[in-house]
Amino acid sequence: RLAAARLLSGAGPVAADVGREEQPLRGAETGSEDKTPKKRFSEVQEERREQAQRTVLIHCPHKVSEKKFLKYLSQHGAINNHFFYESLGLFAVVEFARKESVGSLQSGTLMPHEAAIPFRSRFLSLKLKNAGGQPSEPPSVRASQQLPPSSQRLLERLCRAESVGDQLDTLLQELQLTEENVRLRYLTCSLIEDVAAAYFPDCTVRPFGSSVNTFGKLGCDLDMFLDLDEIGKRSTPKTVGNFLLEFQVKNVPSERIATQKILSVIGECLDHFGPGCVGVQKILNARCPLVRFSHQASGFQCDLTANNRIALKSSELLYLYGALDSRVRALVFSVRCWARAHSLTSSIPGAWITNFSLTMMVIFFLQRRSPPILPTLESLKALASAEDKCVIEGNNCTFVRDLNKIQPSRNTEPLELLLKEFFEYFGNFAFNKNSINIRQGREQNKPDSSPLHIQNPFETSLNISRNVSQSQLQKFVDLARESAWLLQQDGEGGPAPAPRQPWGLAALLLPSVRDSRSLSKKQNRRPASERVKSLLESIKEHNPDSPTATDGK
Ligand code: CTP
Ligand code: MG
């Protein structure tokens, strides 16, 4: 148990992926920069991927003895790291030091007699051979938490903070993905890759979106894409001489049809043979075709796409922005949480703003500060070297990938001010005529009449918020104005809030005048504490087992 506790306490937050240890809470206030070299996105992805390949997932009985379990597994080689978590049962994630150990473990694993379809995956079940002999040691495993804290706990922690800036940092620390959760996300992709490899040997399944861009909140969905590009790169065609050999392949009318066909068979495969994959839905007619399913053992709602390198590139860009200044993530988490609390975002697809759009808005706002806190995408492109060049499907996706080549900002504005100014800025933004464009870092004329126009950074003819209705945008504007006003009141040193009374960021997450207008009379008669509780309950992430739930899509 002690060993496990030590391992767990050694695990920092996902921010460690950019080569920094957990920031002391106050460190994020003004983006004070440290000098530790920061890791590139591709380095993190490769390290995590390799780590996941040395890892297995084991469903365990609750009365397992951790010590004996580890001793039993280490017959196959040294164990680097492990942790337990509760999902539908108790699960262990075990990372071996060497990949061969996984092969050795699989060789010593029994294929159950009832297995109509034998599949040697890395998702195993531990059985106690001699159940009577085990309980001498009481159940001792410590389960690591994979879901966000309760809204009650979050509210209490926010109220105990020292300043609004401190509250923003607290929110980030409470909601960001933990080290274990990141491991579990990469492992899940790696397990799905094993299934897809049955059809496409040497394929890669890569996570993207908020699981890897450092803006993910515990409980967010797991976006992944099937990358078949590597298959073509495995051979080095001999070009000398008079002959050239080419693989025979089946031709399909278009790339879109190919993607749909590939996802269709992978969807079938996951549905029929994928251990722990349930509720598989093929959504092949969407602009970006996908297969949606629940990975029961990890509890993740997964969206699998194919041929989606641009989305991976935008995840890399967000990762870079998140790593450039420590205020960025704190601000994005608070804005996302605020939007969720007021039902501006939803787990059901519709006319709502998405988390991705909100992140773009925060980045744009930080580019507009004076001096700017974040560089424009154009200036990141100007810093790029030849090896950074990247063109995907005719779209220029080039930008500098080495974070250490980017000068830190001279801006020292505190988080509290930035949050207030964010609300003021977008409370007064000319959405009717201007588009948000992080490439140029300034407003552009809107190319069409959609209420909210946020240019896709790489596919520049696309609007990432095309789905947003005028009324949802208006709701955003009204709430932003009200929140700016509330923060202004705080700043003017109004009467100090009573102890335990929500203040600062906590107050912004409560029902606004606007929200309460739409509450039914019955709800209004409930005591304030109850209303506060139920509203904060809505901050909690959706139930990941629900097949239709994906945040903001
Ligand atoms: N994406 C995009 N254009 C959109 C929507 C999504 O390019 N209109 C890409 C982005 O790279 C985004 C990823 O798809 O990060 C995943 O989308 P989504 O799951 O909606 O957003 P996340 O960033 O993962 O945020 P969340 O935590 O809400 O899942
Ligand atoms: Mg997502």
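Every number for a ligand or one of its atoms is a count from 1 in the order of the listing. As the structure is a computational prediction, the values presented were derived from the model and not from experiment.
Ion pairing of R327 with E413 is absent here, as no side-chain N (NZ or NE/NH1/NH2) approaches a carboxylate O to less than 4.0 Å. Taking 4.0 Å as the cut-off between side-chain N and carboxylate O, E316 and R40 do not count as a salt-bridged pair.
Angle subtended at the Mg ion (ligand 2) by D223 OD2 and D221 OD1: 100°, rounded to 10 degrees.
At least one N or O atom of D223 sits closer than 3.5 Å to an N or O atom of ligand 1.
The C220 neighbourhood of ligand 1 comprises atoms 27 (O), with distances under 4.0 Å to a heavy atom of that residue. Close contacts of ligand 1 with S314, meaning ligand atoms under 4.0 Å from a residue heavy atom, involve 10 (C), 11 (O).
Residue R336 places a heavy atom less than 4.0 Å from ligand 1. Under a 4.0 Å heavy-atom criterion, T354 is not in contact with ligand 1. Between A311 and ligand 1 there is a heavy-atom distance shorter than 4.0 Å.
In this pair, H295 and F123 present their aromatic rings tilted. The plane angle is within the 30 to 60° band. Relative orientation of the F208 and F225 rings is perpendicular, given thresholds of 30° and 60° on the angle between their planes.
Counting only distance, with no hydrogens or angles, the side chain of E193 and the backbone of V205 share a donor-acceptor pair below 3.5 Å. Judged by distance alone, the side chain of S334 and the main-chain N or O of A330 form a donor-acceptor pair under 3.5 Å.
Between the choices F356, F458, F208, the shortest heavy-atom distance to atom 5 (C) of ligand 1 belongs to F356.
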